[in-house]
Amino acid sequence: MASFLDFEKPIAELQGRIDQLRETAADGTVDIDAEVARLQAKSDKLLRDTYTKLTPWQKTQVARHGERPHFRDYVAGLFDDFMLLSGDRAFGDDQAILGGFARFRGRRVLVIGHEKGDDTASRLRHNFGMGKPEGYRKAIRLMQLADRFGLPVLTLVDTSGAFPGVQAEERGQAEAIARSTEACLALGVPLISAVVGEGGSGGAIALAAGNKVLMFEHAVYSVISPEGSASILWRTADKAAEAAEAMKITAQDLQGLGVIDTIVPEPLGGAHRDPALAIANLGDAIDSALGELGNQGPDQLRRGRREKFLAIGRI
């Protein structure tokens, strides 16, 4: 069963009542089917009503849900023959950013993405998806390989931001992010980027300067977290909800501003409630985007990327 977020407490209470009824009638002596059906219908309606009017702050909580699919889940669900490639050939291997060659619906591609991990041990190993300089330099190396072999690049973005530690700064974090963004823009092959959870700051754009930018319905994408913005503007993170509203971080807002191209629908209640369906929906969106870009040459792809990003914010 999915864990519930704070704003889902009424739904959690209904589900708790349903579970209690089922436990009470576990021996089969009491017929509870009608009552369970009534409560389940009420719960489904409440879930639907809740998710049709989520605030930006609530969407942020959904985007951060620990049970949402992560990079390895998408690789397992969408790609065949995945070959993990490691190292930046300069310092080491960053486990927050993973990538390698794979086959997507019969087509050879290169896929790169942030991996947050799904339990305490893996989250520590993957540094909660916060890439270090060697991670972005690895991404550059892999993108250049794809360009050399004429393979489309797919990136899956899910990070609160690049790692801000002292060691990362010493190893050139800002320069690595800038070089990775530059590498995205310079590719002569299609680059399709998908924001599948959090798209935070330069750590996200370093993998998301694509020809097509997809974004899940309840994902968020911003230059800073709502808590960080509130801390700067109001000197307290308690106003994160107000900051999220003002920052226009939702897929719906960003599509209107021209920052993203396509909103990928999520299962009712978020991707964490039906990961298989969410993964399939993303696969269909990637397939469609690849079809649109398939006949474009290197110069056209680079020009399209340039025009796309220069047009953002233009009145």
Side-chain angles (χ1 to χ4, degrees), residues 71 74-75 78-85 88-89 97-114 131 135-157 175-196 199 202-216 221 251 254-264 281-314:
F71 179 79
Y74 291 107
V75 167
L78 293 177
F79 301 97
D80 298 315
D81 304 327
F82 178 65
M83 180 186 295
L84 182 68
L85 299 176
D88 67 343
R89 300 299 186 267
I97 297 177
L98 305 178
F101 295 118
R103 193 175 295 277
F104 173 73
R105 298 187 178 181
R107 182 173 186 172
R108 294 297 296 177
V109 298
L110 184 118
V111 58
I112 307 171
H114 299 96
Y136 292 103
R137 293 184 177 119
K138 174 169 63 176
I140 295 168
R141 183 174 75 83
L142 300 190
M143 285 189 278
Q144 291 173 342
L145 275 176
D147 206 6
R148 186 181 308 163
F149 294 118
L151 301 178
V153 177
L154 312 177
T155 61
L156 306 180
V157 176
E175 185 266 350
I177 289 171
R179 294 291 184 188
S180 184
T181 308
E182 179 185 42
C184 289
L185 295 171
L187 283 174
V189 295
L191 172 55
I192 298 167
S193 303
V195 182
V196 297
I205 193 64
L207 298 184
N211 297 93
K212 295 287 184 182
V213 181
L214 320 177
M215 187 170 172
F216 265 127
Y221 191 20
L254 294 170
Q255 188 179 47
L257 294 170
V259 176
I260 68 164
D261 301 290
T262 302
I263 298 175
V264 181
N281 288 347
L282 180 62
D284 291 341
I286 291 173
D287 198 26
S288 177
L290 278 173
E292 292 180 34
L293 299 171
N295 295 323
Q296 296 186 18
D299 291 340
Q300 189 176 2
L301 289 166
R302 294 188 189 99
R303 184 166 58 251
R305 257 181 244 120
R306 176 182 173 83
E307 292 173 353
K308 170 184 173 59
F309 285 93
L310 288 177
I312 293 174
R314 183 180 296 162

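These figures come from a predicted structure and were not determined experimentally.
- Here F101 pairs with nothing under the ring pair (Phe, Tyr, Trp, His ring centres under 6.0 Å) rule; sequence neighbours left out.
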Test side chain to side chain contact (heavy atoms under 4.5 Å, CB included) applied to V153 and V189, step by step: CA-CA 7 Å; V153 177; V189 295; 4.1 Å; yes
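- When each of V109, L293, T262 is checked for a side chain to side chain contact (heavy atoms under 4.5 Å, CB included) with I192, only L293 meets the rule.
- Between atom OG1 of residue T181 and atom CZ of residue F309 there is a gap of 9.0 Å, rounded to the nearest 0.5 Å.
- S180 places no side-chain N or O within 3.5 Å of a backbone atom of A176 that could act as its donor or acceptor partner.
- The number of heavy-atom neighbours closer than 6.0 Å to CG of N295, taken from other residues, nucleotides and ligands shown, is 12 or below.
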Audit row: D287, F104, side chain to side chain contact (heavy atoms under 4.5 Å, CB included) steps and yes/no: CA-CA 9 Å; D287 198 26; F104 173 73; 4.1 Å; yes
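- Shortest non-hydrogen contact noted between A102 and F79 is CB-CB, 3.8 Å.
- In this structure, CG on L78 lies 8.0 Å from CG on L156, to the nearest 0.5 angstrom.
- R141 places no side-chain N or O within donor-acceptor distance of the main-chain N or O of D88, the cut-off being under 3.5 Å.
- Distance CD1/I260 to NZ/K212: 12.0 Å, rounded to 0.5 Å.
- Judged by distance alone, the side chain of T155 and the main-chain N or O of L191 form no donor-acceptor pair under 3.5 Å.
- Closest heavy-atom contact between G202 and I177: O-CG2, 3.4 Å.
- Salt bridge status for D81 with R103: present, with a side-chain N to carboxylate O gap under 4.0 Å.
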Stepwise side chain to side chain contact (heavy atoms under 4.5 Å, CB included) check, N211 with Q300: CA-CA 10 Å; N211 297 93; Q300 189 176 2; over 6 Å; no
Side chain to side chain contact (heavy atoms under 4.5 Å, CB included) between L110 and F149, intermediate numbers included: CA-CA 10 Å; L110 184 118; F149 294 118; over 6 Å; no
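- Here the straight-line distance linking atom CG of L84 with atom CG of L142 works out to 9.0 Å at 0.5 Å rounding.
- Of the options I97, V157, L98, a side chain to side chain contact (heavy atoms under 4.5 Å, CB included) to I112 is made by I97 and by none of the others.
- Between the side chain of R305 and the backbone N or O of G210 there is no donor-acceptor pair closer than 3.5 Å.
- Residues C184 and A206 approach most closely at SG-O, 3.3 Å, considering heavy atoms.
- A side-chain donor-acceptor contact under 3.5 Å links Y136 to the backbone of G203.
- In this structure, the separation between CD on E292 and CG on D261 is 8.5 Å, given to the nearest 0.5 Å.
- Across every non-hydrogen atom of A204 and Y221, the tightest pair is CB-CE1, 3.9 Å.
- Between the side chain of R107 and the main chain of P152, no donor-acceptor pair closer than 3.5 Å is present.
- With rounding to the nearest 0.5 Å, the separation of CE in M143 from CG in L207 is 6.0 Å.
- Take D147 and apply the salt bridge (Lys or Arg N to Asp or Glu O under 4.0 Å) test, not counting sequence neighbours, and it matches no residue.
- Heavy-atom minimum distance, V213 versus K308: CG2-CE, 3.8 Å.
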